[in-house]
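A quick write-up on the structure given underneath.
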Amino acid sequence: MIEKVLVANRGEIALRVIRTCKTLGIKTVSVYSDEDYNSLHVKQATEAYHIGEAAPAKSYLNQEKILEAVLSSGADSVHPGYGFLSENDDFATLCEKNKITFIGPTAKSMNLCGDKMKCKEAMLAANVPTVPGSPGLVKDADDAKKIANEIGYPVMLKSVYGGGGRGIRIVTSDAELESGYESVTGESIAAVGKSAILVEKFLEKTRHIEYQFARDTHGNTVHIFERECSIQRRNQKLIEQTPSPIVDAKTRQRVGELVRNAAVAVGYTNLGTAEFLRADNGEFYFIEINARLQVEHPITEFVSGLDLVKLQIDIANGEPIPFKQSDLKMNGYAIECRINAEDTFLDFAPSTGPVPDVSIPAGPGVRCDTYLYPGCTVSPFYDSLMAKLVTWGQTFEESRTRMLCALDDFYIQGVETSIPLYKTILNSAEYKNGDLSTDFIKRYGIIDRLTEDLKREKEEKSLAAVAAAVIHSEYFKSRVQDKTNSKWSHRLE
Amino acid sequence: MIEKVLVANRGEIALRVIRTCKTLGIKTVSVYSDEDYNSLHVKQATEAYHIGEAAPAKSYLNQEKILEAVLSSGADSVHPGYGFLSENDDFATLCEKNKITFIGPTAKSMNLCGDKMKCKEAMLAANVPTVPGSPGLVKDADDAKKIANEIGYPVMLKSVYGGGGRGIRIVTSDAELESGYESVTGESIAAVGKSAILVEKFLEKTRHIEYQFARDTHGNTVHIFERECSIQRRNQKLIEQTPSPIVDAKTRQRVGELVRNAAVAVGYTNLGTAEFLRADNGEFYFIEINARLQVEHPITEFVSGLDLVKLQIDIANGEPIPFKQSDLKMNGYAIECRINAEDTFLDFAPSTGPVPDVSIPAGPGVRCDTYLYPGCTVSPFYDSLMAKLVTWGQTFEESRTRMLCALDDFYIQGVETSIPLYKTILNSAEYKNGDLSTDFIKRYGIIDRLTEDLKREKEEKSLAAVAAAVIHSEYFKSRVQDKTNSKWSHRLE
Amino acid sequence: MNYKIQDTTKSFVAQMADNLGDGRYVISIDEHRHELEIIAMDSRGIEFVMDKKYHKVRYIGQSTNEMSMIVDNTSITLCLNSHLDDIVYKNSGGGSTGDAQLALKSQIPGKVVSVSAVPGDTVKKGDVICTLESMKMQVSVKSHKDGTIKTIKITESGTVAKGDVIAEIE
Amino acid sequence: MNYKIQDTTKSFVAQMADNLGDGRYVISIDEHRHELEIIAMDSRGIEFVMDKKYHKVRYIGQSTNEMSMIVDNTSITLCLNSHLDDIVYKNSGGGSTGDAQLALKSQIPGKVVSVSAVPGDTVKKGDVICTLESMKMQVSVKSHKDGTIKTIKITESGTVAKGDVIAEIE
């Protein structure tokens, strides 16, 4: 039985794990870097161990240091959160060797999930559709052409050594394929001296839809519904919601069945997420399994009523999942906005520094998981996620309007945030209509609309700004002129 | 259609109403007294009107002043919250006369609910059981004896001019009744010069169980389940929960049917609460209807998924209730603790003053409705309710442990609070077993247990306290001795 | 004074019109009168109710002709005519008969942001000698007369108290 | 020093045992050593990690032999031997050869809570002359010698700076 958990993480997810442990009467051990000595996860754990310098490699990724803290604290288990060591099968192996319960899948299963080629093979064997394409590398242009004709144009030619738009080409015919094959090969050789090409069906206007699932050590497997995470920037999720506006009960069940097969195919245990691309024609294609708790798990908690961290601990304890697939009912609608410290207008560049003042939204159907408190600091050493703002409603409209109000109430002084962007998105007709795709922001010119929204907001606040400026200069004048002017004595600090 | 609501209240309930209005796109008008110019309800409303001095009679109870604010702000409706003018039928009449929508029952129905004798008559006519006893005053001791024998001993003899334990006697036989009748008459005459006596069945170990209900202007009536509010002090509710541990599905439906009849019997519209005493033998007796939103409405919101303020506004707009009785399903368990500014050990005397620092609990299944913020003040002019801490869980145990953690996380500096008391209650075996009654605190010697718990808590924290004292005195010494001692330069403010 | 809202086309003429006492003021903006009640105020920000609506403003910074603030949740920069420099200038004797005076004194306490003159420089009345920062605002200190800088008594990044001598000008 | 926890039977002997540098200390409590790292501190409170466990303490008040604080969420009052008075006493010359000195000076800045002597009073070395409050603590100031009060330089509710003369004693 798990009685003392070391949380090998920081920020809001460490707090999230500690909270459930507290309700279960489980002791917690935090670890912290030099940068985090004043962080909430240090304050809220039963114990806290300093593990090194600010740079992740010297602290939160330092397996030896973390193991040392596990052993000296007497923790019997490790919760890795997400990021850092959460999908590192070496670390899972290290825990297994030291008889420490790793709250997650086995190292073996994690390794299989992490190897995209092997994982894809396992999925094909389990009849879980993946994006159509060559099973591996193609031999030459003719081989590529053969596959392209099997799966149908348009297809994507991808060098496995490419990335960031380089070594990639979309082609729509045999003729285009031939010239495309040459240029991708050329680009790849020019860049890294070698070339190796994959062919994949090119999908337009795709949605990112993923399924939460759980599997226990007794072989019971359930899916806990889908989450649509199509609103992204640079392949990073920004807004997630459940249910997806285009998943009906029948589809939910059909794809859910695939997800359960996928979990079995990789010998998974504990909580995981199966990610799919959903093509505009309605087909679902498996992409990968995230072998850990996801950032966006709270929306699933809202609609399922489950505490997913508790479920993780129960499964890690060897207990069977305490419900059947048919017991799960979806209740209402939930949305999550990832409140990032970033400047939307500087291509989402991180914005860091001290946060002298914060007000955190609350109210019916509002949950905010955050490490922020007045006087804290947003560190440049770690990721930009400051808070997860999650709302629930009986209807989608209720969850959406509650989110808009909560975004309005969220005050974070000192850093740029993604809050204004989310207001623009949530107010857009396309979002309201559920017309989502992974290129949503670009497709609908959201950044330009945001600029307009901010301008309008400024105009609305301009009288108050002018009044504040007038008062400020009067106050300043009174100080300069050294009048002990009684009119400023009223209600001043 | 309601487009602009004046909220004739303050504190957490004003904020609660404003929040729902915001999600519905309805404008809000706050009113405030001299004492409240710096309160959150002033800051969060679309507009705010100053209405007078701190004393309630000069502001929040000042009907003329509030009407003036309604008219000059152009509000089309008034939400009265609870307390203050919420059950004042004169004020409801004043609104009706001025064509202002009063969000609550009609003045006429409110008047009927407020008159206990008339209301009891209406209930008897509708076959809603009330506490057995004389229909009105008894003529003499013989009349009292006759009724006592009908309803069975023990009975209570109550002078309508009594109160606070005076002019009240519990008797168990004809002989005791005769002497008791004389002494109650004597006490009453001695105290106020006259006597008028009621006979009522004496019920021991009663529970306070109430039902939320709603009725629209089209005659649709639903109950929204029960709330058990047995944990009280001086007849004031402290902790509420739903479902009640002793209400099963059959009872829920049976009493729910009575509640719907009760609502019809008084011609009720909008949201109301029917309060019952539940005797230890399982009988339910109607006490009264609270013709307003209740303090404890959030627990019903948690298990029903409804926004009750939205429902109030919909009904006030003349819309039919958008669901049927059979659509309502109870989901999970909710508990509310009323976080009062009071000193448990001084017989719950109010504790007021500035609150320099606050941390408000949050997390999955936690909701906190509060007017507190760092730097606010708890005013002696108004009631002691600072916050309502509400938790939800899939099981009772989950809601209870989440509440305990949230109580632990709640930090309110500067005033005494009821938080320690609630920890003792929620940890007691009797509370866990659902063995509740309105005399719970006295029956189980909770105050003595609290003293023990606080002592144990002090012992647990004593090493930290001693360490803090050592550091403090070292720091002080270093200042007195005027050493610019570098050891204090580290991480000091 | 004239206030232009950056990133918009809005521009306003505004000034304090009346002091009603008890923290209540009337501010005239484009000749409309707006009643304002101060709820709390310090050098970092102000909370007030204007036209029955609450606002919370934090001052982020001010240079000679720009002022940045967060109004409720919105960042706003105002472009303005630097009236304040003139006040400081007048108070330092620049407005009247300060010619005989040797010392140019600071009218406010603050940090020295920059020094624009060195001993020996010839300056005219109204030339900027240094820029001070105080209460998140930058204010130029101008010479109170024509003359030659004899000494500069301040250094960049240093602080000055009210009344400190900034320079001696002969 | 001896610390008794009010409302309990617990009592401890504790003192600073070691300064490890970088905000880390060892405190000895009943001869057990506890390692402590200060996270934040000012005159109102302290946050620290002791034996790997975080604590937040707010100082509420202190009289000569009582100290009240909130530890995490728990109100605790410690009864203690007033060691601080002695330090102040020693520093004011009471401990050594201060007999020749006329002025009794304050060793700390603070508010005058009470004055226990009037001019003309005969006092003995160690008699309390006044009580000051500083940093939420009350400290008695004792006469540094036997003698007669010549003048009292302070008034109740007034404030004194460090080094201010409290009384002249002949």
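Within every chain, numbering begins at 1; the chains are lettered A, B, ... in the order of the sequence lines, protein sequences first and strands thereafter.
Listed options A/V309, A/T23, A/V390 were ranked by heavy-atom pairs under 4.5 angstrom with chain B; first place goes to A/T23. When each of A/P364, A/C405, A/G363 is checked for heavy-atom pairs under 4.5 Å with chain B, A/P364 comes out on top.
Only the side chain of A/R367 comes within contact range of chain B, judged by heavy atoms closer than 4.5 Å. With a threshold of 4.5 angstrom between heavy atoms, A/R400 does not approach chain B through any atom at all. Contact annotation for B/E398: only side-chain heavy atoms (C-beta onward) come within less than 4.5 Å of a heavy atom of chain A.
Dense packing is recorded around NZ of A/K4, with more than 12 heavy atoms of other residues, nucleotides or ligands lying under 6.0 Å away. No more than 12 heavy-atom neighbours from other residues, nucleotides or ligands sit within 6.0 angstrom of CD on A/E53.
Using modelled atom types, one side-chain atom of A/R19 and one backbone atom of B/A362 make a donor-acceptor pair closer than 3.5 Å.
Ion pairing between a basic and an acidic side chain is recognised when a charged N comes within 4.0 Å of a carboxylate O; B/D409 and A/K22 show such pairing.
Contact residues of residues 292-307 of chain B toward chain A are B/E301, B/S304, B/G305, B/L306, B/D307 (heavy-atom distance under 4.5 Å).
A 4.5 Å side-chain heavy-atom check between A/L24 and B/T401 finds every atom pair outside the cut-off. Between B/K329 and A/N331 there is no side-chain heavy-atom pair separated by less than 4.5 Å.
For the atom pair OG of B/S359 and CG of A/L40, the computed distance is 9.0 Å after rounding to the nearest 0.5 Å.
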